Peer 1: 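I have a structure I would like to understand better, so I am pasting it below and will then ask my questions one at a time.
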Amino acid sequence: MRTFVISLPDARQRRLSAIRKLLPTGIPFEIVDGVEAKKMRSEFLPCAPEARHWLRVSEVGCYLAHLRAMQRIVDYDLPLACVLEDDFCFEPDPDWGLLQIRDHLPNDFRYVHLQRDVGINPKFRDIERVGGFCRTYETPCCTTGYIISRELAEYILQHESHCRLPIDHLFCEISHQGGFYRTYKPLIGIEAELGSEILNDRQLME
């Protein structure tokens with residue numbers, strides 16, 4: 001399964017960390033340059049007017065970077081793909097690795113969350129167990145690792161091209177349409193020592 005790794009061009013340590021984790025696995029991957037929103041004039045960022053007073057610039061940049069990954073899925077005519085942020089790490093003892101998981105995906109999936117729930121979204125809950133997956137209501141808030149169908153990528157590109165929510169909040173909202181799952185055992189974690197640009201960012205949209 002094709003994997004797209006989102007990484008800011010100047011984040012050399014994070015980019016090399018991601019590459020070093022993926023190369024030994026044989027997983028086909030490519031880098032998607034993140035959007036350096038802080039270097040852009042805010043009036044040129046595709047952001048919904050009603051969200052400008054509370055969204056942070058880094059949240060908009062993160063959103064647009066994920067849209068870049070989705071655009072590649074559509075451009076390459078892929079039925080599905082994995083999207084990783086460059087601070088991911090592999091969790092021990094998953095049910096399947098990224099090379100095997102495609103053969104086990106639920107038939108109606110549109111999105112599979114690959115991380116454990118860290119308790120940020122109080123609305124998130126499991127609805128039912130489906131093999132090695134759980135059908136979910138909403139999703140855990142984080143987008144370090146997920147699998148997305150081309151259908152969902154196309155929908156977001158067509159209907160959500162302007163950022164009005166952080167990307168993980170958008171997934172929570174869209175999950176009400178169905179087809180959202182998480183892996184019962186987490187496959188992806190976060191390498192915390194690499195830090196988070198979003199958590200450290202205090203710059204709001206103007």
Side-chain angles (χ1 to χ4, degrees), residues 1-8 11 14-15 17-22 25 27 29 31-32 34 58-59 61-63 65-70 73 80-102 104-106 109-149 152-153 156 165-176 178-200:
M1 175 168 48
R2 175 76 65 173
T3 295
F4 298 101
V5 182
I6 295 171
S7 181
L8 286 167
R14 296 168 66 105
R15 183 170 291 201
S17 173
I19 291 171
R20 287 169 180 156
K21 294 185 187 90
L22 285 167
T25 68
I27 296 166
F29 72 92
I31 301 295
V32 176
S58 57
E59 289 175 319
C62 177
Y63 186 97
H66 280 267
L67 261 59
R68 281 185 176 179
M70 294 179 204
I73 295 170
L80 71 161
C82 178
V83 178
L84 301 175
E85 294 180 354
D86 59 7
D87 59 345
F88 82 94
C89 62
F90 289 115
E91 291 276 16
D93 191 35
D95 285 326
W96 312 283
L98 287 179
L99 285 173
Q100 299 83 29
I101 194 171
R102 180 173 182 170
H104 302 276
L105 292 169
F109 104 94
R110 301 170 74 207
Y111 176 97
V112 175
H113 190 84
L114 300 176
Q115 298 163 250
R116 69 178 70 252
D117 176 26
V118 294
I120 298 175
N121 180 9
K123 295 181 180 179
F124 160 72
R125 67 177 186 272
D126 290 330
I127 298 174
E128 63 175 331
R129 177 84 180 266
V130 182
F133 303 86
C134 293
R135 189 188 307 274
T136 66
Y137 175 83
E138 300 216 353
T139 67
C141 282
C142 209
T143 53
T144 304
Y146 60 88
I147 298 170
I148 186 170
S149 69
L152 181 55
I156 292 173
L165 294 167
I167 189 66
D168 48 357
H169 292 214
L170 179 72
F171 284 137
C172 288
E173 182 180 287
I174 294 176
S175 72
H176 301 168
F180 274 60
Y181 293 83
R182 70 171 180 90
T183 51
Y184 184 71
K185 290 183 180 180
L187 195 155
I188 300 298
I190 299 174
E191 193 169 330
E193 56 266 31
L194 290 174
S196 169
E197 180 183 354
I198 290 178
L199 291 178
N200 295 329

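Treat the numbers as computed from the prediction; the structure is a model and nothing was measured.
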Peer 1: Does the side chain of Ile6 reach to within under 4.5 Å of the side chain of Thr143, using non-hydrogen atoms?
Peer 2: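 Of all side-chain heavy-atom pairs linking Thr143 with Ile6, none is under 4.5 Å.
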Peer 1: Side chains of Asp168 and Thr139: does their closest heavy-atom pair fall under 4.5 Å?
Peer 2: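 SC-SC contact between Asp168 and Thr139 ruled out.
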Peer 1: By side-chain hydrogen bond (donor to acceptor under 3.5 Å, both in side chains), which residues pair with Glu173, not counting sequence neighbours?
Peer 2: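 Glu173 satisfies side-chain hydrogen bond (donor to acceptor under 3.5 Å, both in side chains) with Arg164 once adjacent residues are dropped.
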Peer 1: To the closest 0.5 Å, what do you measure between CZ (Arg2) and CD1 (Ile73)?
Peer 2: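 Here the interatomic distance stands at 11.0 Å.
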Peer 1: Please report the shortest heavy-atom distance between Pro166 and Glu59, naming the atom on each side.
Peer 2: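 What the structure gives for the nearest pair is CG-OE2, 3.7 Å.
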Peer 1: Can you measure from NZ (Lys21) to CZ (Phe90) and round to the nearest 0.5 angstrom?
Peer 2: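 Answer rounded to 0.5 Å: 8.5 Å.
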Peer 1: State, yes or no, whether a side-chain contact exists between Ile31 and Ile19 at a heavy-atom distance under 4.5 Å.
Peer 2: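 Ile31 reaches Ile19 side chain to side chain.
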Peer 1: Could you pull out the closest heavy-atom pair between Thr25 and Leu99, with the gap in Å?
Peer 2: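 Shortest heavy-atom separation between Thr25 and Leu99 comes out as O-CD1, 3.1 Å.
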Peer 1: Measure the spacing between CD1 of Ile156 and CG of Leu67 and express it to the nearest 0.5 Å.
Peer 2: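 So the gap between those two atoms works out to 7.0 Å.
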Peer 1: With under 30° as parallel and over 60° as perpendicular, where do the rings of Tyr111 and Phe171 fit, or are they tilted in between?
Peer 2: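 Answer is tilted, since the angle falls between 30° and 60°.
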Peer 1: Closest heavy-atom contact between Leu84 and Gly145?
Peer 2: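 Between these two residues, the closest heavy atoms are CD2-CA, 3.8 Å.
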Peer 1: For Gly131, does its backbone N or O pair with a side-chain atom of Arg129 as donor and acceptor, under 3.5 Å?
Peer 2: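 It does hold such a pair.
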Peer 1: Is there side-chain contact between Asp95 and Thr183, with heavy atoms separated by less than 4.5 Å?
Peer 2: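 Heavy-atom side-chain distance check fails, nothing below 4.5 Å.
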Peer 1: Hey, is Asp86 close enough to Arg15 for a salt bridge, meaning N to O under 4.0 Å?
Peer 2: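 Salt bridge absent between Asp86 and Arg15.
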Peer 1: So, for Met1 and Leu98, which heavy atoms are closest and what is the spacing to 0.1 Å?
Peer 2: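 Reported closest heavy-atom pair: CE-O, 3.8 Å.
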Peer 1: For a quick test of reading the model, state the closest non-hydrogen atom pair linking Gly34 to Ala65 and the distance between them.
Peer 2: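 Nearest heavy atoms, Gly34 then Ala65: CA-CB, 3.9 Å.
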Peer 1: side-chain hydrogen bond (donor to acceptor under 3.5 Å, both in side chains) with Arg135: which residues, sequence neighbours excluded?
Peer 2: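 Expected list: Asp108, Glu128, Tyr181.
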Peer 1: Is there a side-chain contact between Ile147 and Phe109 in this structure, where contact means two heavy atoms from C-beta onward sitting under 4.5 Å apart?
Peer 2: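 When only atoms from C-beta onward are counted, Phe109 and Ile147 do touch, with a gap below 4.5 Å.
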Peer 1: Between Ser175 and Glu138 (side chain of the first, backbone of the second, donor and acceptor by atom type, cut-off under 3.5 Å), is there such a pair?
Peer 2: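 Pair found, side chain donor or acceptor close to backbone of Glu138.
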Peer 1: State the CG-OG distance between Asp87 and Ser7, to the nearest 0.5 angstrom.
Peer 2: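 So the gap between those two atoms works out to 9.5 Å.
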Peer 1: Within a strict 4.5 Å, meaning less than it, do heavy atoms of the Leu105 and Leu80 side chains meet?
Peer 2: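 Yes, side chains in contact.
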Peer 1: CG of Asp117 to CD of Gln115: how many Å apart, nearest 0.5 Å?
Peer 2: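 That separation rounds to 10.0 Å.
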Peer 1: How many angstroms lie between atom CZ of Arg182 and atom CZ of Phe133, to the nearest 0.5 angstrom?
Peer 2: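 Arg182 atom CZ to Phe133 atom CZ measures 11.0 Å (nearest 0.5 Å).
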Peer 1: If you look at every heavy atom in His113 and Cys142, which pair is closest and at what distance?
Peer 2: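 Between these two residues, the closest heavy atoms are CE1-O, 3.0 Å.
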Peer 1: Does the side chain of His66 reach to within under 4.5 Å of the side chain of Glu85, using non-hydrogen atoms?
Peer 2: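 His66 vs Glu85: side chains touch.
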Peer 1: Determine whether more than 12 heavy atoms belonging to other residues, nucleotides or ligands lie under 6.0 Å from atom CZ of Arg116.
Peer 2: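 For Arg116, atom CZ is not crowded (no more than 12 foreign heavy atoms under 6.0 Å).
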Peer 1: Quick one, Ile174 and Phe180 - any side-chain contact, counting heavy atoms below 4.5 Å?
Peer 2: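 Counting from C-beta outward, Ile174 and Phe180 do come under 4.5 Å.
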